[in-house]
Amino acid sequence: MTECRQDIVTNTSKQAPTEREEYSFAAIEKRWAGYWENNKTFKAADDDTRPRRYVLDMFPYPSGDLHMGHAEAFAMGDVVSRYWMLRGYDVLHPIGWDSFGLPAENAAIARDAHPAEWTYNNIATQRSSFERYAISVDWDTVLHTSDPEYYKWTQWLFLKFYERGLTYRKKSQVNWCPKDQTVLANEQVVDGACERCGTEVTKKALEQWYFKITDYAERLLEDMDALEGHWPERVLNMQRNWIGKSTGATVTFAIEDGPEIEVYTTRPDTLYGATFMVVAADADLAEQLVTDDQAKDLAAYREELKHVSDIDRQSADRPKTGVYLGRYGINPLSGERVPVWASDYVLADYGTGAIMAVPAHDQRDMDFARAMDLPVRMVVDTGEDNPEDTGIATTDPGTNVNSGNLNGLSGQEAIDKAIDLLAAKGTGEKSVNYRLRDWLLSRQRFWGTPIPIIHCADCGLVPVPADQLPVQLPTDLHGQQLAPKGKSPLEAAEDWVNVECPTCGGAAKRDTDTMDTFVDSSWYYMRFTDSNNDEEIWDRDRLDRWAPVDQYVGGVEHAILHLLYSRFFTKALYDMGLVSFTEPFARLLNQGQVLNGGKAMSKSLGNGVDLGVQLDAFGVDAIRLTMVFASPPEDDIDWADVAPAASLKFLARAWRLAQDVQYSDSAPGADPSTGSLNLRQTTHKVVHEAESLLDDQKFNVVIARTMELVNATRKEIDNGAGAADPAVREATEVVAQLLSLVAPYTAEDMWAMLGHEPSVSRSSWLEVDESLLVEDKITVIAQVQGKLRDRFEAPADISDDELEALARDSQNVQRAIGDQQIRKVIVVKGKLVNFVVG
RNA sequence: GCCUCCGUAGCCCAAUCGGUAGAGGCAAGCGACUUAAAAUCGCUGUGUUAUGGGUUCGAGUCCCAUCGGAGGCACCA
């Protein structure tokens, strides 16, 4: 931490180079190192004197030192934070670490150590790099999710959720990573593989802890409407896909000599085409339904399925398999008897785990029907070839046929009518389904928040009383004791596991699983408003003053996982009356990735670019500038395409402006209105544009405008009014302010050279003089039939009539019109005249 | 298969409301300074705005289709 920075001289007073020198990023970095931290320049005041803003970067995982990806993300967040500070807001810009997680455990196993050691060493390294990188954070807010002072409250929240029935245990077929030896949430399985290590995920029947996020599916979906325009379209789309809402009907089928079963369908209009039923082979339902005669077949089929991997199982073109259960169901509308089958193409945990199969209008059912030689009946005529003949299911809307009372209806009409008929008989109703599953939160690993539950043989699940929180991780486990064994390493800590039941005082055991680290990060943004509170989770007033986050910045890889979980937590806490808002992040910016040669940097490809090496070669400011200028923030940056050397050149060019002013007769506070009008117009135009560009997150364009201003100022110094001109000072001050958003060292140095007290971050933003934005002369274009024919200069306040007259006088225009008749003249004020002829 | 976004100069990218296609940078070329070079300064931008239609006085911008790229969901009934 700070002790790593002894080499750096700390400064607390105004300073500037005392004689003319060359731009040296190393010298400038040295001059300002430690300044902002020592002076708490970026500490949130929380004093109600100014409007507030809360800027948050997704907190880092302490995997080692900072890398290029951190450098980009934090450069973007800093632009926003520093800009708002310059605009006079009281900005909360906190920093902390997401410090629980597997890599620490693996490192501990490898070096026979405790995960805390590796974790906190890495945090110290990253902190030191952040300081060098000069991000504008309030260092008093630091928190680590692995600190007992933090996870105490994670456990407290877990119990709040438990009280409300939002946390529960359930046994089911869960995703299991054989390499990490732990269960995984649905969101952590990507293409059938573990999101973290890439190992193919298998299924295991286990009893695990869940959060009931499905209770919030509809609100998570609905509330996205309010985020429209403030979150990237892509992220909203991804979350909508993930929630996967569908509307249809649940339909009850009676079973001959058996229990009735419900099915879910989005196409109740095709009910008359249901020629068989299928239940999920791995569901209990299959076992309940199967007749004694068929029981053997079902058992054999289930055994077979155990050997099919998840990846194979999910591929749609795999031949359909299944087994007849020996039963018949009764179609509630037609009264028809239909056989009941079991297959793995029906999922146990979606809908009711059973379907009515309509082979004519669903390709999966068609494939099954063909494989098992089951009947196919067309009930919707779409005008396409009859699926009974082609084997190709038709799914478009059409006119119902062979459908009793539904005949002649089509599309939504038929669906509504079918539901009405079912409802009248009490055998079905309209219903909604979501693809979203409950969040599996328990993990069989050590380095995470312990689940604060005690298992008592007599009392069952007993929450750890609030006054006994936190349930701390044992500190005496290390090395191999932490190795994955398929059950939690905590089980080995016998002293820790065996406790008295808080209810009956009898012998009991602690829950030995730990929480998914996404639980930790679901609420950290709230804790940041009151990080050091050891009395309560947060002071409600403080939280309400700052939250929700005004601007959140982070990678799109969390589009579903973290962002969805955090939204869920916020809504659940709102319902518990613990917070007064329902969405955590008002605005979201997804910065792109930093690539190299078109590919993501990785060790295996050997194309990594080391951030430290870049910083040493070009300086912090040039690297930050390169990150921001390269492309729009959300686009990827290919490091092979950018030129940090050019950024460095530009910074030197800007810095020299300040030096020229410093060594001229210019004095701070000179009245700029006595200076070059031309340069002043440019300066005010640039500031004016920068304001809207920054609001629109077009940071790369802001840099381009700053470059223009630097060019114009250089020209004024060399071939115009000279360095002592007050307009040159004004322009250079604006350059320093704009640069302070991305190049804090250079900007601070310029500000000092211009004779101001630090910090430039605390200076006041130039108030745009509207009169300087008005141009006195404008270029007007003349068109004939929308084609450009001439352009000419005119006074800015020219009237439409005069403008038209001027255009008529143009020889080019007259030539283009020739002897054609002018039918219409369109005049756009101060811009163009268009003659419509013919 | 379904859903989103994107396609502008050799490259990265600009272009409020539909109104002059080019702001900034890279690369390239030329010039000034220099014994020379580096650094610095200056000058140099003609392109099917992916393609084809449509709307409009006027389309990079709006609509439709196609092609290409990126991403998400997917045996979800």
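Protein chains get the first letters and strands the later ones, always in sequence-line order, with residue 1 at the start of each. This structure is a prediction, so every number in the text was calculated from the model and none was measured.
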Would you say [X] places a side-chain N or O within less than 4.0 Å of OP1 or OP2 belonging to [N]?
X	N	value
A:N711	B:G25	yes
A:K698	B:A15	yes
A:N700	B:A14	yes
A:R714	B:U40	no
A:Y345	B:A77	no
A:S246	B:A77	yes

| message | Categorize A:R240 for me: base, sugar-phosphate, or nothing, with a 4.0 angstrom heavy-atom threshold over every strand shown. | response | nothing
Determine the interatomic distance between [atom1] on [N] and the same-named atom on [M]; round to the nearest Å.
N	M	atom1	value
B:C64	B:U20	C1'	29 Å
B:G10	B:A50	P	13 Å
B:U49	B:C13	C1'	13 Å
B:U16	B:C11	P	22 Å
B:G1	B:A15	P	35 Å
B:G45	B:G22	C1'	8 Å
B:U46	B:G71	P	35 Å
B:G18	B:C30	P	45 Å

| field | Salt bridge A:R714-A:D718, side-chain N to carboxylate O under 4.0 Å | value | yes
| request: Would you mind pulling out the nucleotide paired to B:U20, Watson-Crick or G-U wobble, both distances under 3.5 Å? | output: none
| query | Watson-Crick or G-U wobble partner for B:A65, using a 3.5 Å limit on both distances? | reply | B:U51
| query | Under a 4.5 Å cut-off applied to non-hydrogen side-chain atoms, are A:M366 and A:P387 in contact? | reply | yes
| field | 5'-most by nearest nucleotide on RNA chain B - A:M356 or A:N237 | value | A:N237
Pairs of donor and acceptor atoms involving the side chains of residues 785-796 of chain A, under 3.5 Å and at least two apart or interchain, shall be tabulated with distances.
residue: A:Q785; atom: OE1; partner: A:V837; partner atom: N; Å: 3.1
residue: A:D790; atom: OD2; partner: A:S810; partner atom: OG; Å: 2.7
residue: A:E793; atom: OE2; partner: A:T779; partner atom: OG1; Å: 3.3

| query | Any donor and acceptor pair, going by atom type alone, linking the side chain of A:E804 with main-chain N or O of A:D801 inside 3.5 Å? | reply | no
Between [N] and [X], counting only base atoms on the nucleotide and side-chain atoms on the residue, is there a donor-acceptor pair under 3.5 Å?
X	N	answer
A:R435	B:A74	no
A:N834	B:C57	yes
A:Q363	B:G1	no

| CG of A:L788 versus C1' of B:G47: gap in Å, rounded? | 16 Å
| said: Going by ring pair (Phe, Tyr, Trp, His ring centres under 6.0 Å), name the residues that satisfy it together with A:F650, two or more places apart in sequence or in a different chain. | reply: none
Heavy atoms from C-beta onward define the side chain here; which of [options] lies closest to that of [X]?
X	options	value
A:R791	B:C26, B:U20, B:C3	B:U20
A:E708	B:A77, B:A23, B:C26	B:A23
A:R656	B:C41, B:G25, B:A77	B:C41

| Glycosidic conformation of B:C41, syn or anti, with 90° from 0 as the boundary? | anti
| query | Would A:H361 and A:T270 count as having a side-chain donor-acceptor pair, cut-off 3.5 Å? | reply | no
